[in-house]
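First the structure, in the form of structure tokens, and then the observations on it.
Not measured: the values here are computed from a predicted model. Here is the naming used below: chain letters follow the sequence lines, and residue numbers restart at 1 for every chain. Values below: every heavy atom of this structure, side chains too, minus hydrogens, waters and symmetry copies.
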Amino acid sequence: MTVRSPALRQPRTRTGLTAWAGIAASVAAVALLAVPGRAPNLAGAFLLASVPVGAAVMCWVDSGEGLVQAGLTLVLSLAVTAIVTAIMIWLTVWQPRALFAFAVIGVVSCAARLVRGGRPCCAERR
Amino acid sequence: MRRPAGARGASVLRGAPVRRSLAVQPGLLLAGIGLWAFGVSQIDRQAIGPYGVLASANAWFFLGLAALLAGMVAELSRSRPRAWLLGAFLVALIVAIHTTVPLLYGGTPEYAWVYKHVGVAQAFGQYHRVTDTSNIYQEWPALFTTVASISSLGNAGPLSFAAWGPVAFELADGLLLLGIFRLLTGDRRLPYLAVLLYEGLIAWVGQDYLSPQAFGYLLWLAIMAIVIRWLLAPTPAHCRWRFVNTAREFLLRGRPTPADASTAMRWIALALVAVIYFAIVAAHQLTPYMALLGVAALVVLGLVWRGWLVLGLLAVIAIGFLAPRYGLITSQFGGVFSGGDVFENASGSQGILHKAAELRTGEVVHVLAAAMWLGAAVAIALRWRSLGRVALPAVLAFSPFVVLGVQSYGGEAIYRVFLFSAPWCALLIAELIAELRGTLRPLVSALVCAAALVAGLQGLYGPTAVYAFTPPELAASLWLYGHAPPGSLLILPADNFPGLEAANYAAYDFQIMPADPQNGASFLDEGSLGDVEQWIDSLGHPSAYVVFSQSMDNYASYFGYPKGYDQLAKAVAADSAWRVVYRNADVVIYRVTLG
């Protein structure tokens, strides 16, 4: 751990929690999708569509309210999933497995947030 | 330091009631969940009549809901309510409200129109492209492609999870609403009370099933959260017209200072709004304009940072998507501006024929809707000296009415107006209640929330026997699509059966007998078998599959239409030309060859 990783030591900040949640959800989603069985696969698919991308964004943005933070994480993920999958249909390049990229994006962005630490992006003027 | 024995005893005595009261509410939570679950397990699905689940439920069911409501109100009346417990009560209530019907009907999705949505998602999953450009769902595909991708990755068809759409959407909506209300008020109780009230108010409106509008609504709430958190201007921009500034000054007097945000963060927030809005635009036809109306109302009041830019950006996205598809909107809804008759647009679904049970349930929800808007109006009026305190929820509560001036949306516009108005009305009413003092506050909270919940649940559960389908009915529908050759003619005597849920739904000629005024043309008398056979013959197929089901029987007795349905069911059963090709406990499918 370097001196530039205060967020790793401050997991209880909203953005820190979002980052940890994003990493956990991304890893859990991939693991659930890798396990044989319809129930874990379905849970993994929902998790993949509902958390990683939103967490990748919201781990940098502090809403100042935990419930809004969680809600925006969910909605941003769903919105991006909706747009990406609609584009796949319009371009006739249907590849749902490409959504695994969301997990990668989620892990990379959230890990970067934790390693870099510091104040959230574009914090308010004090 | 040791304390005297007497002092220790006194402490224990003083603490006991406190600990008891601390444990009462968690106890009510657990008891409420247990009683509700036991109550649901004891409800006989077959006994659900035209007045719905509430009229057929047992005491355990009501005791469970009452315990959850009482526990939450009791917790709200504490000087320091526990947020986790209030959240748990809300989750329990939402789960209880929206899983009762799926649990009673074995996880089969409610509402015939949900199956159409499932079919579109299945089609995207199987054919990987838009297969029918005349299908409005395929042209606004974002929700369906999302469902198709989850279904594909999860190796499970949408039918396996569609029934749980309402509870999932309501939980997500509740999460965002709670967050929004917490941004808007410093009171710890108010957001929970407002969401509790909201859940009762909107229970009946039935816009949370697996559908583009439920998805769009959730996304709209996120846009509102972003606007309220980052895009509210500290002071309204100066307008060149003096009367505008004067009006704004009056309307915004006493307005609380919005949360601060850096310029960079505001631009990021604007980008997030654009992304979410594009997803709404690609998912549903009406929601983008409902969202636009809300934002526009805030912009006119000067409440939004760079408001005209925000509005312009959203308008460009909406119109840019709509323009190439406008022909479809014109063909199905007569264009965006289909009619300016506010009263006709507000009258709901056209041609609904009222029989006793349907009429009573309809009256209950009409009173609920009127009470909601009246309560919100009173809350605004009582703050006329400092309207700024309620300007934001007031504007958002009443701006959706503008849509009634331009569209009926197939009779559904008024329901969307209610839905988009409800959160802010709930907040305004909850604020009024929260200002009451002493025992009046918990008493009024309990009464208002209980009344809203009972009325909302009657609206939601009233037509359950009609709109919910049994597993045998779904099995019959799946059998039909599995066995009838593509190109076959599939006929429903009443428009109430799971249909069009197969990926190749478009390969079938799916027809509803024209004997129900609720569906438009109704020239056929189903009581005349000859007329029915003549109509089938006119469709130009050598044979037809005709379905009769329990939910169609319930539909016919609930609405009184289609005309002659019962006679037709009896006549075909006795006619040798109508051959039974499938039968289970709730469905009979005939194959008839004519000509």
Side-chain angles (χ1 to χ4, degrees), chain A residues 29 32-33 36-50 53-54 57-58 60-100 120-126, chain B residues 87 124-125 127-130 138 140-156 160-161 168 172-173 175-180 182-183 191 215 218-219 221-223 225-226 228-230 259-269 272 275-280 282-283:
Chain A
L32 286 166
L33 285 166
R38 215 169 67 162
N41 286 177
L42 194 55
F46 270 108
L47 209 50
L48 194 61
S50 309
V53 179
V57 176
M58 292 308 294
W60 296 97
V61 177
D62 185 12
S63 69
E65 166 56 54
L67 296 170
V68 172
Q69 192 84 7
L72 290 181
T73 300
L74 169 71
V75 169
L76 275 172
S77 295
L78 290 174
V80 172
T81 304
I83 293 169
V84 168
T85 54
I87 289 171
M88 284 182 193
I89 286 293
W90 287 326
L91 300 180
T92 63
V93 286
W94 182 249
Q95 290 295 337
R97 292 200 159 265
L99 299 192
F100 278 108
C121 166
C122 316
E124 279 76 77
R125 294 181 297 268
R126 300 291 174 198
Chain B
F124 283 140
Y127 303 120
H128 309 164
R129 62 190 168 82
V130 174
Q138 292 209 14
W140 273 261
L143 170 77
F144 305 114
T145 57
T146 304
V147 172
S149 66
I150 289 170
S151 176
S152 174
L153 282 173
N155 296 314
S160 63
F161 54 82
D173 292 347
L175 173 74
L176 268 167
L177 274 177
L178 206 49
I180 290 170
R182 282 169 67 132
L183 287 176
F215 184 63
L218 172 66
L219 269 54
L221 288 178
I223 288 181
I226 293 172
I228 289 166
R229 173 60 188 87
W230 288 293
D260 194 14
S262 68
T263 305
M265 190 54 236
R266 289 189 195 276
W267 284 112
I268 290 171
L272 296 180
V275 169
I276 296 171
Y277 189 72
F278 183 74
I280 296 177

Name the region of B:Ala148, side chain, backbone, both or neither, that has any atom closer than 4.5 Å to a heavy atom of chain A.
both

Side chain / backbone / both / neither for B:Phe144 at chain A, heavy atoms under 4.5 Å
neither

Counting heavy-atom pairs closer than 4.5 Å to chain A, which one of B:Asp173, B:Leu176, B:Asn155, B:Leu153 comes out on top?
B:Leu153

Chain B contacts, top residue of A:Ala79, A:Ser63, A:Ala98 (heavy-atom pairs, under 4.5 Å):
A:Ser63

Using atom types as modelled and distance alone, determine if a side-chain donor or acceptor of B:Thr145 lies under 3.5 Å from a backbone N or O of B:Ala142.
yes

How many angstroms lie between CD1 in B:Ile276 and CG in B:Leu221, if you round to the nearest 0.5 Å?
10.5 Å

Compare all side-chain heavy atoms of A:Ile89 with those of B:Val130 and state whether any distance is below 4.5 angstrom.
yes

Heavy-atom distance under 4.5 Å to chain B: side chain of A:Val57, backbone, both or neither?
side chain

Just so I understand: if I count every heavy-atom pair under 4.5 Å between each of A:Leu74, A:Leu48, A:Leu78 and chain B, which residue has the most?
A:Leu78

State, with a plain yes or no, whether a side-chain heavy atom of B:Ile268 is found less than 4.5 Å away from one of B:Met265.
yes

Please classify the contact between A:Leu33 and chain B as side chain, backbone, both or neither, with a heavy-atom cut-off of under 4.5 Å.
side chain

Do B:His128 and A:Thr92 have side chains that get closer than 4.5 Å, going by heavy atoms?
no

Is B:Ala222 close to chain A through its backbone or its side chain, or both, or neither, when contacts mean heavy atoms under 4.5 Å?
both

For B:Phe161, which atoms come within 4.5 Å of any heavy atom of chain A: side chain, backbone, both, or neither?
side chain

B:Phe215 versus B:Ile280: any side-chain heavy-atom pair under 4.5 Å?
no

For A:Thr81 and B:Ile150, what are the C-alpha separation, side-chain angles and deciding distance, and is it a side-chain contact (heavy atoms from CB on, under 4.5 Å)?
CA-CA 10 Å; A:Thr81 304; B:Ile150 289 170; 5.7 Å; no

If one checks every heavy atom of A:Ala70 against chain B at 4.5 Å, the contacting part turns out to be both

